[in-house]
Number of protein chains: 2
Amino acid sequence: MRDDRRAAPCGDTAIAEQDGHPMARPRTPLLDRQRIVHTALRLVDEAGDLTIPALAGALKVSPSALYHHVTGRAEIVALMRAELVRAIGERSLWDRPWDEALRGWARAYREAFAEHPGIIRLLATAPLAEPFMHEVYERAVATLEAAGFAPEDVMGVITALESFILGSALDLVAPAVMVDAVDREVTPRLAAALAAVPTGRRRADQAFEVGLAALIAGYRTLLPADHAPVAAGPDPISDQA
Amino acid sequence: MRDDRRAAPCGDTAIAEQDGHPMARPRTPLLDRQRIVHTALRLVDEAGDLTIPALAGALKVSPSALYHHVTGRAEIVALMRAELVRAIGERSLWDRPWDEALRGWARAYREAFAEHPGIIRLLATAPLAEPFMHEVYERAVATLEAAGFAPEDVMGVITALESFILGSALDLVAPAVMVDAVDREVTPRLAAALAAVPTGRRRADQAFEVGLAALIAGYRTLLPADHAPVAAGPDPISDQA
DNA sequence: ACCTGAACACCGTTCAAGT
DNA sequence: ACCTGAACACCGTTCAAGT
């Protein structure tokens with residue numbers, strides 16, 4: 001069903017078969033982990049899933065060639081996860097009040113998923129808690145403790161927010177079945193509620209913002225009364241690239 | 001790696017091959033959708049994934065036999081989802097204040113997943129928004145509107161809660177990698193925060209309860225001032241079978 | 001070291017053949 | 001209608017063979 005041909009001009013990859021007979025070991029390696037991961041990401045974005053034959057095809061290489069650079073499909077997925085986590089870390093800023101920091105982190109986290117929607121279902125089934133993520137948690141813990149959260153609550157606060165983000169990322173790729181599949185005879189109020197809400201991407205965005213605001217507001221009530229540095233202003237948006 | 005043999009006593013399924021030669025159409029059907037779904041659920045719980053050969057093996061039937069009752073693997077998954085949704089609906093009670101109702105629904109929802117942990121990764125990638133779910137949404141919308149939530153917020157409130165539940169269900173099956181993988185030299189505060197938290201299932205439970213309480217508390221702030229029927233008492237637990 | 005092509009075990013699905 | 005066994009297209013992975 002897919003068409004992998006893309007009019008390859010001659011000399012595309014600098015090394016090609018010399019005459020007509022197949023080559024074994026090229027002088028310059030055709031592959032490296034970086035090229036594999038980036039191509040895999042592009043492929044997942046376009047096709048929605050990842051198969052070794054398709055990946056090898058996009059890299060103009062035999063499937064078995066990949067196994068000289070990665071241990072298998074699982075490692076490719078792990079590398080994609082690392083790439084994503086790196087993107088999250090780059091965009092999160094922790095030198096600000098805890099509520100703004102958490103909000104910015106959550107948005108960066110979800111935004112990274114939103115840029116590679118196809119990856120969500122590949123990564124959702126496994127946690128993001130790779131060593132890469134540890135330093136992000138470290139900063140989150142420090143921020144929350146400094147803000148006055150009880151030590152035994154801190155991990156729960158972070159984990160719950162992360163669960164919400166991950167669930168929201170899944171919501172992002174969930175096909176919006178309901179909108180007109182709802183029978184206004186049987187479920188009239190649901191139909192009305194759906195009509196009052198935007199469609200497509202903005203639907204998911206709005207639900208995310210509603211939940212994020214509520215979660216942060218709820219976290220604020222966990223703080224002892226003398227710790228309330230930031231007034232509950234209406235959503236101080238923190239812009240960032 | 002798996003051993004599907006289970007010492008079958010003769011006459012196990014009432015209909016077996018008469019002598020030694022294979023049978024074609026048995027007098028009583030060997031299969032029905034109910035048996036298929038329940039066996040699939042058991043299999044997913046035990047093995048963590050679902051394959052047609054394994055399912056056929058557990059049903060003591062040839063793989064191709066399944067296709068006379070079900071259109072394919074996708075429909076089996078859909079039937080499992082319907083089974084799960086039914087369980088959620090049965091345990092949720094909506095004739096109570098909105099916050100208690102939402103809290104009970106969320107717990108029932110997650111509890112249904114927790115009983116079949118293996119199913120989470122099968123269902124997480126697709127929404128639960130099947131027609132079965134519509135009437136649950138209908139009741140949720142009615143409850144929230146009656147409580148005074150703005151019509152344009154209602155779907156967001158429900159969707160965000162559902163995202164949190166789904167993410168928490170995924171957290172439930174996430175292997176607890178971090179606990180001792182954390183380097184207390186590099187990330188000392190994270191290590192300390194983790195030490196202050198329970199391990200195993202209870203870790204996920206606590207994070208879920210922290211997030212659920214915060215979300216509901218945050219939702220309460222969305223209500224106009226004249227709508228606050230329930231005081232913010234400390235977690236009125238709603239027991240249920 | 002790095003690539004190819006053949007090969008293997010597996011999966012989901014189809015289909016003719018039997019009753 | 002309902003089952004079987006053979007067959008198909010596909011997948012991830014291994015491995016000997018080439019340079």
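Keep in mind that this is a model prediction, so the values were computed, not measured.
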Separation of C:dT4 P from A:Leu59 CG (nearest whole Å): 11 Å
Sugar-phosphate, base or nothing in reach of A:Leu55, heavy atoms under 4.0 Å: nothing
Test item: B:Glu138 side-chain N/O and B:His134 main-chain N/O as donor-acceptor pair under 3.5 Å: no
d(CG, A:Leu66; C1', D:dT14) in whole Å: 14 Å
Distance-minimising heavy-atom pair for A:Pro53 and A:Pro63: CA-CG, 4.4 Å
Upstream residue (5' side of DNA chain D) when B:Pro63 and A:His68 are each assigned their closest nucleotide: B:Pro63
A:His69 vs C:dC3: side-chain N/O to OP1/OP2 distance below 4.0 Å: yes
A:Met155 vs B:Val210 side-chain heavy atoms within contact, under 4.5 Å: no
Neighbour count >12 (heavy atoms, 6.0 Å) for atom CZ, A:Arg184: no
Separation of atom OH in B:Tyr67 from atom P in D:dC2, rounded to whole Å: 18 Å
Complementary nucleotide of D:dT4, counting Watson-Crick and G-U pairs under 3.5 Å: C:dA16
Between C1' of D:dG12 and CG of A:Asp49, the distance in whole Å: 14 Å
B:Leu30 CG - C:dT19 P separation (whole Å): 16 Å
Selection from C:dG12, D:dT13, D:dC3 that lies nearest to any side-chain heavy atom of A:Ile52: D:dT13
Nucleotide of C:dG5, C:dC3, D:dT13 approaching A:Ser64 most closely (side-chain heavy atoms): C:dG5
Nearest-angstrom distance from the residue atom CZ of B:Arg73 to C1' of D:dC11: 14 Å
Note: B:Asp49-B:Arg121 ion pair, threshold 4.0 Å (strictly below): no
Closest to the A:Pro53 side chain, choosing from D:dC3, D:dC11, C:dC3: D:dC11
Nucleotide C:dC2, atom P - distance to CD1 of A:Ile36 in whole Å: 11 Å
Touch class at under 4.0 angstrom, heavy-atom based, for A:Ile76 against every strand present: nothing
A:Arg25 side-chain N/O to C:dA1 phosphate OP1/OP2 under 4.0 Å: no
Sugar-phosphate, base or nothing in reach of A:Thr51, heavy atoms under 4.0 Å: sugar-phosphate
